[in-house]
Amino acid sequence: METTFHRHRRLRSSASMRRMVRETELSVSDFIYPVFVTEGQQIKSEVPSMPGVYQLSLDLLKKEIEEVIRLGIEAVIVFGIPEHKDHVGSEAYHDHGIVQKAISKIKEDFPDLIVIADTCLCEYTDHGHCGIVENGDILNDESLELLARTAVSQVRAGADIIAPSNMMDGFVAAIREALDQEGFTNIPIMSYAVKYASAFYGPFRDAAGSSPQFGDRKTYQMDYANRLEAKREAKSDIEEGADFIIVKPTLSYLDIVREVKNDCLLPVVGYNVSGEYSMVKAAAQNGWIDEKALVIEMLTSMKRAGCDLIITYFAKDAAKWIAE
Ligand code: PBG
């Protein structure tokens, strides 16, 4: 027989051999853990569609963060569920808003933990949109000022990184300018630059109580059919001064992660969103999949695709599994 062939299996012959040629390694320092904080006391309320994810009151936060730190996780992203919502999302930029209180509490107890603030209005507005609403439209430029105020108040409370997720045009520029004016020139912006309008956010909206009360988010979040648009979004946010670029969701968007990674010199962050978490949990609860193996495979594939960091509800579980 003249035709030659390649013996790829040589490099797969044993566990040691496979480890030696492994290209991607997950590490606990890749993970950012999302935390949901709520007003009240002694509240630890499990999100029904997200087993293992809780809304926590401030008095129970310390215990949760202690565990996060014990597992070696170095960063959390904080989401707030306010007591009162209104038309302009006042609680988002109130100096004693729920997120501001949570951030200062966490930083007081754990000064070395990186605390990231999600900067958006949808959890705080009665209409559930990420900007100001007038006659059914989500106003762009009018929303920027409130988002910038939100970011400044979050940094005043102690946030180490601002992560704006609202998808208004120009939000990075507006927030950068406001932070700089306040002297916060060293606070990085982790921009949700490439954020698709996605059915994968369903469970999060239960967790944060942030479903839009009319319409949808398609006039500001991206169409999942588009790839070039992702490149444009990432490019403009980099020009406006972003320090990290988030792609969201991640699991169905690994092609986009790679595309953005190839274009950009900044760290790329994948947001492994709520629906991606819930699907795995539901299948695991039914005994249909091996959760541990599947989660590690999913997270590794995200890193292979180009994620330098991953925001994931699996962070605590994955940290345990990696340590084993
Ligand atoms: C706020 C925000 C959302 C998520 C993160 N920040 C919800 C949305 O845009 O509807 C989704 C996170 C997840 O699904 O895990 N705008």
Side-chain angles (χ1 to χ4, degrees), residues 31-37 47-55 76-82 85 89 91-93 97-99 116-125 127-133 138 143-144 146-147 150-151 154 159 161-168 171-172 175 189-224 233 244 246-253 269-282 295 298-299 302 307 309-315:
F31 303 143
I32 298 167
Y33 187 60
V35 179
F36 295 95
V37 289
V47 180
S49 51
M50 301 179 74
V53 174
Y54 299 86
Q55 299 178 339
V76 295
I77 181 163
V78 184
F79 296 96
I81 304 127
K85 300 183 188 232
E91 291 272 302
Y93 38 90
I98 180 68
V99 155
I116 305 170
D118 182 88
T119 305
C120 198
L121 298 181
C122 63
E123 295 130 70
Y124 307 92
T125 50
H127 46 71
H129 280 286
C130 306
I132 298 288
V133 171
I138 291 80
S143 303
L144 294 178
L146 297 184
L147 292 163
T150 304
Q154 290 168 331
I161 299 178
I162 289 299
S165 63
N166 52 83
M167 287 300 277
M168 297 298 116
F171 69 76
V172 175
I175 289 174
I189 296 175
M190 182 181 279
S191 172
Y192 288 77
V194 182
K195 179 172 178 181
Y196 288 91
S198 170
F200 282 101
Y201 306 151
F204 173 93
R205 294 178 187 173
D206 294 343
S210 62
S211 295
Q213 298 303 302
F214 69 90
D216 53 41
R217 304 208 203 289
K218 290 181 182 165
T219 67
Y220 45 109
Q221 298 181 351
M222 294 164 54
D223 181 348
Y224 53 72
E233 280 282 3
F244 298 80
I246 300 180
V247 175
K248 178 181 171 191
T250 308
L251 192 57
S252 286
Y253 297 81
V269 184
Y271 197 140
N272 172 213
V273 300
S274 57
E276 301 169 23
Y277 177 83
S278 302
M279 291 193 305
V280 173
K281 283 289 173 188
V295 168
M298 261 174 48
L299 296 173
M302 291 172 187
C307 293
L309 295 161
I310 306 168
I311 304 171
T312 177
Y313 305 97
F314 288 116

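Both counts, for ligands and for their atoms, begin at 1 and track the order of listing.
Per-residue contacts place Arg217 under 4.0 angstrom from the following atoms of ligand 1 (heavy atoms of the residue considered): 8 (C), 9 (O), 10 (O). Counting atoms of ligand 1 from 1 in the listed order, those under 4.0 Å from a heavy atom of Phe79 are 5 (C), 6 (N). Close contacts between ligand 1 and Cys120 involve ligand atoms 1 (C), 16 (N) [criterion: under 4.0 Å to a heavy atom]. Atoms of ligand 1 found under 4.0 Å from any heavy atom of Cys122, numbered from 1 in the order shown, are 1 (C), 16 (N).
The option from Ser274, Gly275, Ser165 that lies nearest to atom 1 (C) of ligand 1, judged by heavy atoms, is Ser165. Nearest-heavy-atom check against atom 16 (N) of ligand 1 across Lys195, Met50, Glu276 picks out Lys195. The closest heavy-atom contact to atom 7 (C) of ligand 1, among the options Tyr313, Tyr192, Phe204, comes from Phe204.
Here the side chains of Thr250 and Cys307 are in contact, with some heavy-atom distance below 4.5 Å. The shortest side-chain heavy-atom distance between Gln221 and Ser198 does not fall under the 4.5 Å cut-off.
The cationic atom of Lys248 (NZ for Lys, CZ for Arg) lies less than 6.0 Å from the six-membered ring centre of Tyr201 and within 45° of the ring axis.
Tyr271 and Tyr192 have tilted rings, their planes meeting at an angle from 30° to 60° on a 0 to 90° scale. Taking the six-membered ring where tryptophan is involved, the planes of Tyr313 and Phe36 are essentially parallel, since the angle between them stays under 30° and well short of 60°.
Under 4.0 angstrom from ligand 1, the non-hydrogen atoms of Asp118 all belong to its side chain.
Closest to atom 4 (C) of ligand 1, if we only count protein heavy atoms, is Lys248 NZ, 2.6 Å.
For Tyr224, the OH atom is loosely surrounded, since the number of other residues' heavy atoms within 6.0 Å does not exceed 12.
Note: no N/O pair closer than 3.5 Å links Glu123 and ligand 1 by distance alone.
Nearest heavy atoms, Val99 versus Phe79: CG2-C, 3.9 Å.
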